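Numbers here simply count residues along the sequence, with the first being 1. Just so you know, these numbers come straight off a predicted model, no measurement behind them.
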Amino acid sequence: MNPQTLIFDLDDTLIECNKYFRDATNQFAEQMQIWFPDVSENDIKAKQLEIDIKSIEIHGLNSSRFPESFVSAYQHYCKQFKRETKESEMERVRSIGLQVFQIEVEAFPYMYEVLNELQEDGHELYLFTGGDEANQSRKIIQLELETYFGDRVFIVTHKNTEALRKVLKTIKCDLRSTWMIGNSLRTDISPALELGLNTIHIPSEIEWSYNNSLEANQPALGKAMTIPSLRELPQFIRDNSYESCDFAGNLHGSETQNTLNSHNQADL
């Protein structure tokens, strides 16, 4: 087995994330129903999601975007129902969104064991995560991930093909033995395939609809694999190291690509 270059996503690949956003969104919808009882929770959540995703195009994955989507959704319904906006209510919904960035995060089961195994096997580990510097660094420090990634950490607000291209130029890896590992089809798997990396998709139990699509009309130059859990990653890499990845890709690649394209987990 040859050492491989492994580029990890952080949120919902190594650590819990989406469940905190789900809980905050549920709390927001419950609060909104007190003020707007004629609107269903599903409609409130759909409006907030619509606003949030549109905001990503401008602000990327910056943390401030999420609580402000609650404020914008509140303002939308105030306007629709001709209800006066109140600063105290805007601050209330904003505070619900901000809680997500103050909570103590949790590692996925076996995260430390998996990273230890990969280190012991001689692989070079990188972290490529979307968000703002302060919040993502908080998580990395809290969970002591510097032990595994050192200064090989890349934090970007717009996590896309161009951002990944810059990472690859910096680390100067051999694309044939490099893997992008993540839960997001949009921000992890699609950019990596376009740039010729091998990819390992680990679906999250709770997924955000923004993550659930591969970019259309882009050539998939790398090999797309799926495994059900992080725990299986060390053995998967042992079985699919540099000298065998071409065989594995030819054997499983098209089947896995179809799985990725049809993947459609429930929205938050």
Side-chain angles (χ1 to χ4, degrees), residues 1-15 108 111 114-130 136 140 145-156 158-204 211 214-215 218-257 259-260:
M1 180 194 71
N2 288 345
Q4 310 287 288
T5 300
L6 308 180
I7 305 174
F8 281 89
D9 169 53
L10 178 63
D11 295 327
D12 290 302
T13 297
L14 295 176
I15 68 172
F108 270 3
M111 182 197 76
V114 165
L115 293 177
N116 281 326
E117 283 188 57
L118 294 171
Q119 265 194 342
E120 290 167 3
D121 285 349
H123 304 302
E124 189 162 24
L125 310 183
Y126 291 85
L127 197 61
F128 174 51
T129 178
Q136 297 307 93
I140 292 165
L145 290 173
E146 309 101 310
T147 303
Y148 305 99
F149 298 102
D151 62 357
R152 300 179 304 280
V153 174
F154 300 87
I155 300 172
V156 297
H158 293 273
K159 194 178 182 191
N160 53 28
T161 302
E162 187 54 37
L164 182 56
R165 182 179 285 112
K166 291 178 181 177
V167 171
L168 297 179
K169 286 182 179 179
T170 300
I171 68 179
K172 296 180 173 60
C173 58
D174 182 344
L175 299 185
R176 295 171 298 176
S177 58
T178 299
W179 301 81
M180 179 70 219
I181 302 157
N183 67 292
S184 173
L185 297 177
R186 180 189 291 267
T187 62
D188 299 325
I189 304 304
S190 185
L193 289 176
E194 183 182 355
L195 295 175
L197 301 186
N198 304 306
T199 66
I200 301 172
H201 181 228
I202 308 178
S204 175
N211 288 333
L214 288 168
E215 293 298 307
Q218 292 183 343
L221 302 178
K223 299 171 181 64
M225 308 293 188
T226 297
I227 60 175
S229 72
L230 183 65
R231 187 69 190 94
E232 297 189 17
L233 182 60
Q235 188 60 52
F236 178 90
I237 294 295
R238 293 183 191 116
D239 294 340
N240 293 275
S241 60
Y242 176 73
E243 51 279 328
S244 65
C245 67
D246 283 342
F247 171 75
N250 290 334
L251 183 63
H252 301 298
S254 60
E255 178 181 335
T256 308
Q257 189 66 47
T259 301
L260 292 177

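Using a 4.5 Å cut-off on side-chain heavy atoms (C-beta onward), Leu164 and Phe154 make no contact. Contact of the Asn183 side chain with the Ile202 side chain is not registered, since no non-hydrogen atoms from C-beta on lie closer than 4.5 Å. Inter-residue side-chain proximity for Phe8 and Leu118 is flagged as met; some heavy-atom pair is nearer than 4.5 Å. Contact annotation: the side chain of Leu145 approaches that of Leu10 to within less than 4.5 Å [non-hydrogen atoms, C-beta and beyond]. Annotation: side chain of His123 is not in contact with side chain of Glu117 (no heavy-atom distance under 4.5 Å).
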Requested in this report: Test Leu197 against Leu168 for side-chain contact (heavy atoms from CB on, under 4.5 Å), laying out the working first.
Outcome: CA-CA 10 Å; Leu197 301 186; Leu168 297 179; 4.1 Å; yes
Report task. Would you please test Arg152 and Ile171 for side-chain contact (heavy atoms from CB on, under 4.5 Å) and show each step? Result -> CA-CA 9 Å; Arg152 300 179 304 280; Ile171 68 179; over 6 Å; no
Requested in this report: Check the pair Val114 / Leu14 against side-chain contact (heavy atoms from CB on, under 4.5 Å), numbers first and verdict last.
Outcome: CA-CA 10 Å; Val114 165; Leu14 295 176; over 6 Å; no
Report task. Please report the C-alpha distance between Met225 and Trp179 in whole Å, then the side-chain angles of each, then the deciding distance to 0.1 Å, and finally whether the side-chain contact (heavy atoms from CB on, under 4.5 Å) criterion is met. Result -> CA-CA 10 Å; Met225 308 293 188; Trp179 301 81; 4.1 Å; yes
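Between Asp9 and Met180 the shortest heavy-atom distance is N-CE, 3.7 Å. Considering all non-hydrogen atoms of both residues, Pro228 and Glu232 come closest at CG-OE2, 3.2 Å. Pairing each heavy atom of Gly122 with each of Pro3, the nearest pair is O-CB, 3.3 Å. Nearest approach of Asn160 to Phe128, heavy atoms of both residues: O-CZ, 4.4 Å. Closest approach of Ala224 to Thr199, counting heavy atoms only: CA-OG1, 3.3 Å. Taking every heavy atom of both residues into account, Thr13 and Phe108 meet most closely at O-CD2, 3.3 Å.
Asn116 and Glu120 form no side-chain donor-acceptor contact under 3.5 Å, judged by distance and modelled atom types alone.
Checked by atom type and distance alone, the side chain of Gln119 never pairs as donor or acceptor with a backbone atom of Leu125 at under 3.5 Å. Judged purely by atom type and a 3.5 angstrom limit, Lys159 has no side-chain atom pairing as donor or acceptor with the backbone of Arg186. Side chain of Asn198 to backbone of Arg176: a donor-acceptor contact under 3.5 angstrom is found. Side-chain N or O atoms of Gln4 include one that pairs as donor or acceptor with a backbone N or O of Asn2 at under 3.5 Å.
For Thr5, there are no side-chain hydrogen bond (donor to acceptor under 3.5 Å, both in side chains) partners, not counting sequence neighbours. Here Val153 pairs with Leu127, Ile140, Phe149, Ile155 under the side chain to side chain contact (heavy atoms under 4.5 Å, CB included) rule; sequence neighbours left out.
A distance of 9.5 Å separates OG of Ser190 from CG of Leu195, quoted to the nearest 0.5 Å. Atom OG1 of Thr170 sits about 13.0 Å away from atom CZ of Arg165, to the nearest 0.5 Å. Distance check: Thr178 OG1 to Glu124 CD gives 9.0 Å after rounding to the nearest 0.5 Å. Within the model, atoms CG of Leu193 and CG of Leu185 stand 9.5 Å from one another, a figure rounded to the nearest 0.5 Å. Atoms CG and CG, on Leu6 and Leu115 in that order, are 9.5 Å from each other to the nearest 0.5 Å.
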